[in-house]
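Encoded as structure tokens, the structure appears first; notes follow it.
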Amino acid sequence: MIPASWYLILSAVLFSLGVIGFLIKRSLITVFMSIELMLNAVNLSFVTFAHQWHSVKGQIFVFFVMMVAAAEAAVGLAIIIAIFRARATLNVDQVDLMKL
Amino acid sequence: MHLILFIIFAGFCLAGAINLLLQTHPINSALSLIVVMSSLAVLYLLLGAEFLAIAQIIVYAGAVMVLFTFVVMLLNVGEEEKTHGSKAAKIIGFPAIVAAFSVLTTVILAIQNKLGGVKLSDGVTPMTELSTVLFRDMLLPFELTSVLILVAILGAVALARKEGHR
């Protein structure tokens, strides 16, 4: 038997790594991948709680998160392609028109 | 058995996530993210969520990551340039994530005993139960998601289209 807290801590570690990746990565695509990593980490804790409380709704929620993440990936990558066409770079430091 | 599987695939998860941060080329990061997602699918199986495990493989490791690698190759993205990074990230971001991680871990460890354990003999969630909830109680969100996907497809096509082409 494995304590459920191990799964939750793994989820917390993955989420933190995702946030760190979001902060340190300079390529737009890798920043986007870090967001996917965070979504996956949260999904893991959803599944763990669904298992512990014998509730199916947690799994359903993960299913919805997956669908929304797929839609988000499609639109996000289309935006990345549009940015690359306009700027010919994917460095987040050079796409800072709206930055103060 | 359970412990060995958990340690192996949790290790793969962590190794993949750390490798994602260490790699400078986006294609290497994308491949390590596929490792993370596939190992997460095995962890879902250990938690008895077989439908989600398969959906994770098909949707995440399959569709989403293929999209990522496709875009990396289409744009011919090179190595990441090293820059000084953002000041706000250094001042606010890192302390905030350290604080958030500490709070999360403290809370999880504090309620460790109440959470109980995961056994392989708990069995898998039956598909009938899952689909009953999904198609009866959650029918409206399900239909809304299909509309969302349709909008996302149209949005992606509109955004990625070349300007000035009819």
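Heavy-atom basis, side chains included; hydrogens, waters and symmetry copies ignored. Chain letters run A, B, ... following the sequence lines, proteins first, then strands; residues in each count from 1.
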Below 4.5 Å, heavy atoms only, C-beta onward: do [X] and [Y] meet side chain to side chain?
X     : Y      : result
B/L52 : A/M66  : yes
A/M67 : B/F142 : no
A/L14 : B/L40  : yes

Check: How far apart are the closest heavy atoms of B/I108 and A/S5, and which atoms are they?
Finding: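 Reported closest heavy-atom pair: CG2-CB, 3.6 Å.
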
Note to self: Could you report the tightest heavy-atom contact between A/R85 and B/A160, atom names first, then the distance?
What the structure shows: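 Where A/R85 meets B/A160 most closely, the heavy atoms are NH1-O, 2.9 Å.
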
Part of [X] within contact of chain A (heavy atom distance under 4.5 Å):
X     : result
B/V36 : side chain
B/A63 : neither
B/L33 : side chain

Residue part contacting chain B, namely of [X], when any heavy atom lies under 4.5 Å:
X     : result
A/V92 : neither
A/N40 : both
A/L90 : side chain
A/W6  : both
A/F22 : neither
A/V19 : side chain
A/Q52 : side chain
A/R26 : both

Let me confirm one number: the [atom1]-[atom2] distance from [X] to [Y], rounded to the nearest 0.5 Å.
X      : Y      : atom1 : atom2 : value
B/L115 : A/T48  : CG    : OG1   : 9.5 Å
A/K57  : B/M138 : NZ    : CE    : 4.5 Å
A/I9   : B/Q112 : CD1   : CD    : 6.5 Å
A/T30  : B/F68  : OG1   : CZ    : 9.5 Å

Margin query: Please confirm whether the ring centroid of A/F63 lies under 6.0 Å from the ring centroid of B/F51.
Written below: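 Yes, close enough.
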
Checklist line | Derivation of the side chain to side chain contact (heavy atoms under 4.5 Å, CB included) call for B/Y44 and A/Q59 | finding: CA-CA 10 Å; B/Y44 290 172; A/Q59 294 193 21; over 6 Å; no

